[in-house]
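Atom set for the values below is all heavy atoms of this structure, side chains included, hydrogens, waters and symmetry mates excluded.
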Amino acid sequence: MLRRRLPSLLSTSLFNASTIVSSKCVGTKFPSSSPFLPLHSLQCANPSPTLKGIWAVDRVRAYSLLSLNDLRDNKGARKQKKRKGRGIGSGLGKTAGRGHKGQKARGTMKFGFEGGQTPLRRRMPKRGFKNPFSLTFQPVGLGKIAKLINAGKIDSSELITMKTLKDVGAIGKQIKDGVRLMGRGADEIKWPIHFEVSRATVRAKEAVEAAGGSVRRVYYNKLGLQALLKPEWFEKKGRLLPKAARPPPKQRDKVDSIGRLPAPTKPIPFLPEEKEAAFAPSV
């Protein structure tokens, strides 16, 4: 209680002392802007003996209003842990709040169990389905590749594979089923470029071939794609690179050839039969 009242007592005593000293001292001018004068400004040319007690205030040092033993948490900041089975005085002794007998008192039920009635997950109807044959390709535009070539990160004289695009940061690291070449920025392609990707749009393929390049759609399964993008993983494990897998029947008309391992650096020229099949109208 005394610690809380001490600041108000000190301010009152200092104000009274400054008032008495200013009235007793002669030839001393004090600023009238604030009634609370600092201790070092209380100076008098001829102090009287009666002011000795008042001048003792000058020796009072600043008192800290914060102390470690006064620190407290806000009300409700800390909540006591519920202690079960610690006697009847706690209110949660003996049965620990579970009551007498029954399924809820003896053990727990599996998640979603509703006492034998049809649970909610079975009462609600099903909606849609998940296609197990769906494929997810990472898109990359021709404009982005052209910028990387102009920056010197990609050599346009060599074959550009999915590993090349991954190493230079043109696509993300999480490649699920392959890469799809998009036609965004096709106007920036002015020189022949050769690609080997999983899929390519019609606009992208026409733009590359118009500049004198080629786009080959290759097939890699999950293991083959990992061997293409991370061949160092197989070397670290002491394993050989897997052989290239053949595409399933549903994807044979969507690819041009089987992917090569390790990552190739030179393109394979299209045979006349492959060119005819590529430009033939799809039925």
N/O donor-acceptor pair under 3.5 Å between [X] side chain and [Y] backbone:
X	Y	result
R122	L120	no
K144	A170	yes
E188	L142	no
R106	K101	no
K190	D187	yes
D177	F137	no
R78	K75	no

Identify whether [X] and [Y] are in the same connected component of the hydrophobic contact network (ILVMFWY, side-chain heavy atoms under 4.5 Å).
X	Y	value
I154	I175	yes
L165	W191	yes
L228	I258	no
I189	V168	yes
L181	L225	yes

Look up atom CD1 in I160 and atom CD1 in I149, then write down how far apart they are to the nearest 0.5 Å. 4.5 Å
Check the pair R217, D256 against side-chain contact (heavy atoms from CB on, under 4.5 Å), reporting the backbone distance first and the verdict last. CA-CA 5 Å; R217 300 171 299 175; D256 298 325; 3.1 Å; yes
Going through the checks in order, is the side-chain contact (heavy atoms from CB on, under 4.5 Å) test met by R123 and Q117? CA-CA 10 Å; R123 293 198 301 265; Q117 69 179 12; 4.0 Å; yes
Pick out which of R260, R216, K163 makes a side chain to side chain donor-acceptor pair (under 3.5 Å) with E196. R260
Minimum-distance pair of heavy atoms, taken over all atoms of G224 and L261: O-CD2, 3.7 Å
